[in-house]
There are 2 protein chains.
Amino acid sequence: MDAMDRKILTELQMDGRLTITELAARVKLSVSPCHRRLRDLERSGAIRGYRAVVDPSALGLDFEALVFVTLGWEDRDTVASFEEAVAAVPHVLQAQRLFGDPDYLLRVAAADLTAFQQLYDQQLARLPGVQRLNSTLVMKNVVANRPLPD
Amino acid sequence: MDAMDRKILTELQMDGRLTITELAARVKLSVSPCHRRLRDLERSGAIRGYRAVVDPSALGLDFEALVFVTLGWEDRDTVASFEEAVAAVPHVLQAQRLFGDPDYLLRVAAADLTAFQQLYDQQLARLPGVQRLNSTLVMKNVVANRPLPD
DNA sequence: GCTGAAAGACGGACGTC
DNA sequence: GACGTCCGTCTTTCAGC
């Protein structure tokens, strides 16, 4: 993982569909070594994959909220079954376990306020081990998932 | 935006480097119409772009925190200059303006606790208009940026 | 770094439902 | 109007040297 590898990662985070030819030109390398580096980055797991970035509003998901979760207990089984269950809810785009209180932060997408309310009552509130939920609406995404810095 | 378009978006969110041939096979369409749909989805902005997903630890970024920001004032200039300044900090991966209090949530990456402390004191605390910061460490990413649901 | 064979991208034309 | 099946050419990939 030298400076050249980092340049490659930076370029591919900005455009994941760069051809090797283009990528090589941007990082000022010729095609073969660039191709080898890319293969190694993919095999080592430094590049986990490639994703299309989709506009949520194109799918009618214009509503986003944060949900803070406090579990009733902190034993291993409660944590494991909560995490498994939360990962199975498609509208939960992101879930992080935190130090301190609350235990989890979820980032949730929904079509509108009504859909969110249903999701909240019927799915999130029923996740195993949940003691308390607390949610906040997102007004605006100021910075959306920026590429990692060097 | 019909069911076929949604299938295409779903596939490309799972693998953004699918060839048209592969994509067409997965959504059970022949290559030409699949190609046309993809072009239209890109032109309409439903697909914003493509990104490589990079493992943060490959870049030595093993530390992640949430930072809640409360501004001192809520006037338009304060908000605008804060948002501009926060977008210029590379370690801020995500920033959302919230309803209620606090005003913003930032998701921040750093190499370790020391690096985070420096970032916190020297950059985040000095952002224009900030009255108060409050941060929480991320223990684990349970769900990391899942594709959007249908 | 170069080469060559195989695969894919991309646009067009045309017939069908 | 959208799909499917040809077609052509150009570009890209990727292994071997």
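- The side-chain contact (heavy atoms from CB on, under 4.5 Å) search around B/E11 returns B/M14, B/L18, B/L23, B/R26, B/V27, not counting sequence neighbours.
- With sequence neighbours left out, B/D101 forms a side-chain hydrogen bond (donor to acceptor under 3.5 Å, both in side chains) with no residue at all.
- With sequence neighbours left out, A/S57 forms a side-chain contact (heavy atoms from CB on, under 4.5 Å) with A/D55, A/D62.
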With sugar-phosphate taken as primed atoms, P, OP1 and OP2 and all else as base, the protein-contact string of nucleotides 9-17 of chain C at under 4.0 Å (heavy atoms; B, S, -) is SSSB-----

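- In this structure, the CG atom of A/D40 is 11 Å from the P atom of D/dA15, given to the nearest Å.
- By the side-chain contact (heavy atoms from CB on, under 4.5 Å) test, B/N145 is found to be paired with A/R107, A/N145, residues two or more places apart in sequence or in another chain being considered.
- Residue pairs meeting the salt bridge (Lys or Arg N to Asp or Glu O under 4.0 Å) criterion with at least one member in residues 139-150 of chain A, sequence neighbours excluded: A/K140-B/E83.
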